[in-house]
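Structure first, then comments.
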Amino acid sequence: MKDMIKLADYKADDIYDIFQLTDEVRQGKYQDFLKGKSAILFFPNSSIRTRVTFEKGIYLLGGQPILFSTETLDKKEDLRDVCGYLNHWADIVIARHKDIHLLEKMAEYLEVPVINAMTDVNHPCEMLTDMYALSKIRKDFTKDRFLFVGGKGNIGLAWQEAAQIMGFELEQCCGQGYEMGGLMSYNNIYDAVVGKDIVCTDSLPASALTDFKECQVTTAAMKMANEGAILNPCPPFYRGEEVSKEVMESKYFVGYEFKKYLLEVQQAIMIYCLTR
């Protein structure tokens, strides 16, 4: 069994292995893989996409999802005691929590796989899904040039982690003072987007909107990217902030279809973690 806490624990071959499992899930395999098994989930009420696709994915694999709020992990009871009891009944644990160190402690105490459904510093399931989706529409996404538009947060850091593992080129467009480090960065979208194939974004806190006013992704900016370039904003995205209203109606936006693979990729992650 294997945990999915951060992509840095994996190699490119492991990522492609998960992609192969995803293909097999989409072909109808593993329908009873979780039959008789229980998956314990810890999610905040605000989670929509990741939670829905994990719960449905568990159900479609024949398993039983048991949901708790993330706050359950922050109560006074020692985490090792919580995990000690869960070891009797859980077959896999999926948790979204701001603190990655808490998930690492859970992985230490639990005898079953732990899957990270997002922390303040990364989002491995989202990255695997985006890369899988790219593999279906690009000849070789690892040869594409990526631009991340946003600050130093979990999505940007997750893209940086993915780039280091898969070997694709990644640069950043952000307001001054929001650089992640280790990347070529720009403060103007019209300079940053030249020569890029994949443009990714993250939403911005209200306090940062003024600092990012020269970084908004527009249709005019996307026209300066490479032929066939696509815009992949991380949801939730906000029209008129990190992306313009009109670019979200343009040919560049890959649309909701791009994220539909979240269901099958997360099923593949569970299968991978339970069998490898």
Side-chain angles (χ1 to χ4, degrees), residues 1-7 9 33-130 153-158 202-207 234-238 256 259-274:
M1 295 184 294
K2 192 172 178 66
D3 302 306
M4 172 64 75
I5 306 294
K6 51 188 177 183
L7 289 183
D9 296 331
F33 180 80
L34 291 178
K35 186 176 181 179
K37 292 182 169 59
S38 297
I40 311 300
L41 301 97
F42 296 93
F43 273 88
N45 291 332
S46 59
S47 177
I48 298 175
R49 287 158 290 271
T50 309
R51 174 181 161 184
V52 167
T53 47
F54 260 121
E55 286 201 57
K56 181 170 183 175
I58 293 161
Y59 166 77
L60 291 174
L61 292 175
Q64 175 195 31
I66 302 173
L67 177 69
F68 295 91
S69 69
T70 299
E71 289 74 22
T72 309
L73 297 173
D74 297 322
K75 62 182 182 177
K76 186 177 179 180
E77 185 180 9
D78 195 304
L79 187 64
R80 76 185 67 198
D81 296 325
V82 173
C83 294
Y85 290 111
L86 286 179
N87 277 326
H88 292 303
W89 311 303
D91 296 287
I92 193 166
V93 172
I94 301 147
R96 173 173 287 196
H97 194 281
K98 63 182 180 180
D99 186 2
I100 194 172
H101 300 299
L102 183 141
L103 299 190
E104 291 171 338
K105 287 180 181 178
M106 291 184 75
E108 178 184 344
Y109 300 142
L110 284 167
E111 298 168 2
V112 300
V114 177
I115 295 176
N116 172 2
M118 193 177 82
T119 71
D120 278 355
V121 297
N122 66 349
H123 200 347
C125 297
E126 182 90 8
M127 287 304 105
L128 287 167
T129 299
D130 280 0
N154 56 355
I155 300 303
L157 292 170
D202 190 15
S203 56
L204 302 168
S207 60
C234 180
F237 49 80
Y238 302 101
Y256 314 114
K259 295 293 185 183
K260 71 179 181 181
Y261 298 116
L262 196 59
L263 175 66
E264 293 93 352
V265 171
Q266 288 175 168
Q267 288 178 300
I269 291 169
M270 290 186 284
I271 295 165
Y272 182 92
C273 289
L274 283 164

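Residues F33 and L274 come closest through the heavy atom pair CE2-CD1, 3.6 Å. Of all heavy-atom pairs between G36 and D91, the closest is O-OD2, 4.4 Å. Taking both residues in full, the closest heavy atoms of M127 and A158 are given as CG-CB, 3.4 Å, listed atom of the first, atom of the second, then distance. N116 and C125 make their closest contact through O-SG, 3.6 Å (heavy atoms, listed as atom of the first residue, atom of the second, distance). The minimum heavy-atom distance between S47 and R96, with the atom names listed, is OG-NH1, 3.5 Å. Residue I58 comes nearest to L41 through the heavy atom pair CD1-CD1, 3.9 Å, listed as atom of the first residue, atom of the second, then distance.
Looking at N87, its side chain does come within 3.5 Å of a backbone N or O of E111 through a donor-acceptor pair.
When the shell of 6.0 Å around NZ of K105 is examined, it contains 12 or fewer heavy atoms from other residues, nucleotides or ligands. Surrounding CG of D81 are more than 12 heavy atoms belonging to other residues, nucleotides or ligands, all under 6.0 Å away.
Put simply, CG on D120 and NE2 on H101 are 10.5 Å apart, with the number rounded to the nearest 0.5 Å. With rounding to the nearest 0.5 Å, the separation of OH in Y238 from CG in L204 is 10.5 Å. Distance check, rounded to the nearest 0.5 Å: CD of E77 to OG1 of T72 gives 10.5 Å. Note that the NZ atom of K56 and the CG atom of L263 stand 6.5 Å from one another [nearest 0.5 Å]. To the nearest 0.5 Å, atoms CG (L73) and CG (L102) are separated by 5.5 Å. Taking CG from L157 and NZ from K6, the interatomic distance works out to 12.5 Å, rounded to the nearest 0.5 Å.
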Inset, instruction - Under the side chain to side chain contact (heavy atoms under 4.5 Å, CB included) rule, what do I92 and K37 come out as? Steps first, then yes or no, please. - result: CA-CA 8 Å; I92 193 166; K37 292 182 169 59; over 6 Å; no

Legend entry - Verdict with reasoning, E126 to K259, per salt bridge (charged side-chain N to carboxylate O under 4.0 Å, His left out): CA-CA 9 Å; E126 182 90 8; K259 295 293 185 183; 2.6 Å; yes

Legend entry - Criterion side chain to side chain contact (heavy atoms under 4.5 Å, CB included) on M106 and D3, from CA distance to verdict: CA-CA 10 Å; M106 291 184 75; D3 302 306; over 6 Å; no

Inset, instruction - Go through Q266 and T50 one step at a time and tell me if the side chain to side chain contact (heavy atoms under 4.5 Å, CB included) criterion holds. - result: CA-CA 9 Å; Q266 288 175 168; T50 309; 3.5 Å; yes

Legend entry - Derivation and outcome, side chain to side chain contact (heavy atoms under 4.5 Å, CB included), residues L86 and L110: CA-CA 8 Å; L86 286 179; L110 284 167; 4.0 Å; yes

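The side-chain heavy atoms of T119 and N154, taken from C-beta on, include no pair separated by under 4.5 Å.
Between Y85 and H88, the angle of the ring planes lies from 30° to 60°, which puts this pair in the tilted group. Ring planes of F54 and F43: tilted class, angle from 30 to 60°.
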